[in-house]
Amino acid sequence: MRQRYDSMLRNCPLPRLWGLSLLGTSLRVYAGEVATGELEPAFVGRPSTNHILPYDFLEGGWNIDILSQEGFNKMKEIVEEIIRSAAALERV
């Protein structure tokens with residue numbers, strides 16, 4: 001997933017590339033800055049390739065419920081930024 005995101009980030013015409021990961025109604029938001037290649041949240045490597053992941057691995061990573069007001073506000077914020085960025089690109 002990260003490799004595919006990185007390749008899309010290099011080719012994104014907008015200043016920021018958003019990525020959304022959903023588990024049920026739980027949302028994790030990724031934002032990549034095209035100019036710097038930085039991605040938030042930062043990559044967290046697997047603690048060990050030979051063992052089962054710890055119970056709390058990436059705990060809190062999917063902390064936004066898309067059915068909540070917070071989830072609605074976050075989605076609205078992302079869409080508004082994409083629309084503004086695309087409009088600015090059209091003016092250029």
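Remember, predicted model here, so these are calculated numbers, not experimental data. Worth knowing before you read on, the calculation uses all heavy atoms, side chains too, and leaves out hydrogens, waters and symmetry mates.
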Of all residues at least two apart in sequence or in a different chain, which pass the side chain to side chain donor-acceptor pair (under 3.5 Å) check with [X]?
{"X": "S26", "answer": "none"}
{"X": "T36", "answer": "none"}
{"X": "R10", "answer": "none"}
{"X": "Y30", "answer": "R28"}

Problem set entry | Residues that V34 engages under side chain to side chain contact (heavy atoms under 4.5 Å, CB included), provided they are two or more places apart | L9, C12
Seminar exercise, completed: The side chain to side chain contact (heavy atoms under 4.5 Å, CB included) partners of A31 (sequence neighbours excluded) come to R16, W18
Run the side-chain donor-acceptor check on residues 65-72: report pairs under 3.5 Å with partners two or more places apart or on a different chain.
residue	atom	partner	partner atom	Å
D65	OD1	T25	OG1	3.3
D65	OD1	L67	N	2.8
S68	OG	D65	O	2.7
S68	OG	E70	N	3.4
S68	OG	G71	N	3.0
Q69	NE2	N73	OD1	2.9

For this session: Measure from the side-chain N and O atoms of S85 to the backbone N and O of I82, and report whether any donor-acceptor pair falls under 3.5 Å.
Result: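 Here the side-chain-to-backbone pair does not exist.
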Exercise. What heavy-atom pair brings L20 and M75 nearest, and what distance separates the two atoms?
Worked result: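 That closest heavy-atom pairing would be CD1-CE, 3.7 Å.
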For this session: Please examine the side chains of L14 and E81, heavy atoms only from C-beta on, and report whether any two atoms are closer than 4.5 Å.
Result: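 Contact flag for E81/L14 side chains = no.
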Problem set entry | All salt bridge (charged side-chain N to carboxylate O under 4.0 Å, His left out) counterparts of E38, not counting sequence neighbours | none
